[in-house]
Structures are given as C-alpha cells and as structure tokens.
Amino acid sequence: MTVKGWAAESNPMTMLADSPAAPARSTRQVPPATGRPPDSETLLLGGLVGALPIDAAEVLALIETTDMRSPANAVVLETIRAAVVLDADVFGPAAVWDRLTRNGSRPEVRAALLNATTSGAACTPVALRFYASAVVAAAYRRQVESIGNALVTASSDASEVSLSGLVDTAVAKLRATEERLRALRGETP
C-alpha cells in the first residue's frame with residue numbers, strides 16, 4: 001500500500017517497530033520523584049488515592065493505622081479514610097490534599113502524599129489488595145518482634161499471672177492481624 005508515494009515498507013516507523021533490533025516496550029512503572037523505588041506503604045497510599053472510593057473503602061476496612069511504619073504515611077492513610085467517606089463524590093489526590101491542608105499538616109506528611117501520588121501505583125482492586133497485604137504482612141512481623149521483646153523483658157520481672165495475660169493478649173492481637181492478612185489475600189482460615 002502506498003501513502004502519498006511512500007510504500008509501507010519504507011515508512012521508518014513501520015520499519016522500526018518491525019525491526020528485530022527494536023527495543024521491547026517496558027511495562028515497568030516510573031519511580032517517584034525521590035529517585036528510589038516506592039515501598040509498599042507508598043504504593044498502597046498511591047493506589048488508594050487513585051482508586052474508586054468503593055474499591056478504596058473495601059481495602060481500608062482491613063488496614064489499621066498501626067500497620068503503617070511511617071507516622072507520615074499513617075496520617076495520609078487516615079486522611080484518605082476520611083476523604084473516602086466525606087468526599088466520595090470528588091475523591092482523589094486533590095480531595096486528600098485539601099483535607100490535609102484544612103486540618104494542618106507537617107511537610108513530611110505532604111511529602112508522603114506527593115510521593116504516593118507520583119508512585120505509579122496501580123489503582124485496581126487486585127493491586128490495592130496486593131499492596132495492603134504487603135503492608136499488613138510487614139506489620140505482622142513487627143508485631144511478632146515487639147511481642148517477643150516484651151516477653152523477654154517481662155520474663156524476669158513480671159508475675160506468672162501477668163505473663164500469662166501478656167501472652168494471651170499478644171496471641172489475640174497476632175490472630176486478628178493474621179485474619180486481616182488472610183482476608184486481603186483471599187485465603188480461607
């Protein structure tokens with residue numbers, strides 16, 4: 001076929017795309033402006049901010065503020081949670097930024113939201129559950145470590161009754177976190 005005197009074979013764009021030396025298209029996402037790949041908390045926040053409110057709400061029901069390692073990310077998570085409920089008609093990065101501004105926020109909190117919105121996170125329900133699973137799994141491991149340290153410290157000073165209560169409370173907390181993690185992963189108990 002000829003287009004204004006050019007044969008399809010001589011079109012440089014066609015030749016480049018069909019050339020065996022042509023580079024493959026990348027499916028990788030662009031890292032945030034910090035130059036580091038985003039961590040799971042940042043990806044979760046970025047996915048939540050860009051998701052439909054109903055999809056975000058489903059995942060937010062299984063995430064706790066204490067699951068976040070970063071205090072700034074915890075503030076952004078709670079702001080997203082409020083925006084999903086109160087600003088559902090206009091939910092998105094601008095609504096979350098507006099809530100942070102209205103309530104007053106520290107520079108590191110605004111930076112956390114900026115990193116989240118530029119993280120390149122996917123906003124699908126499957127991606128949200130994947131990011132949330134990674135966050136909750138990390139929180140679970142931090143809980144185990146913290147409980148272990150507390151038990152070691154208490155083992156030399158606390159009464160046996162207190163130790164038993166501490167163990168019971170710790171097990172209940174770990175099981176609750178494990179249940180949330182299983183729900184995010186779609187696993188049956």
(message) Applying a strict under-4.5 Å side-chain criterion to I, L, V, M, F, W and Y, I'd like to know whether V59 and L52 cluster together.
(response) no

(request) May I ask you to list the residues sharing a hydrophobic cluster with Y140, side-chain cutoff 4.5 Å, ordered by chain and number? (result) V144, I147, L151, L166, V167, V171, L174

(message) Can you list everything that forms a side-chain hydrogen bond (donor to acceptor under 3.5 Å, both in side chains) with R182? Sequence neighbours excluded, please.
(response) E178

(message) As an exercise, state the distance from CG of N73 to CG of L45, rounded to the nearest 0.5 Å.
(response) 5.0 Å

(message) Do E64 and D67 have side chains that approach each other closer than 4.5 Å (heavy atoms only, starting at C-beta)?
(response) yes

(message) Salt bridge check, R69 against D39: does any charged N sit closer than 4.0 Å to a carboxylate O?
(response) no

(request) Would you check if D87 and D98 make a side-chain contact, meaning some heavy-atom pair closer than 4.5 Å? (result) no

(message) Does R142 have more than 12 heavy atoms from other residues, nucleotides or ligands lying within 6.0 Å of its CZ?
(response) yes

(request) Quick one: closest heavy-atom pair of L62 and R180, and the distance? (result) O-NH1, 2.8 Å

(message) Can you confirm whether L181 sits close enough to S133 that some side-chain heavy atom of one is under 4.5 Å from a side-chain heavy atom of the other?
(response) yes

(request) Not counting sequence neighbours, list each pair that qualifies as a side-chain hydrogen bond (donor to acceptor under 3.5 Å, both in side chains) and has a residue in residues 155-177. (result) Q143-T177, S159-S162

(message) I'd like to check D55 versus L128 (side-chain heavy atoms, cut-off strictly below 4.5 Å). Are they in contact?
(response) yes

(message) If you count heavy atoms of other groups shown closer than 6.0 angstrom to CG of L163, is the number above 12?
(response) yes

(request) Give the minimum heavy-atom separation between R129 and E58, together with the two atoms involved. (result) NH2-OE1, 4.3 Å

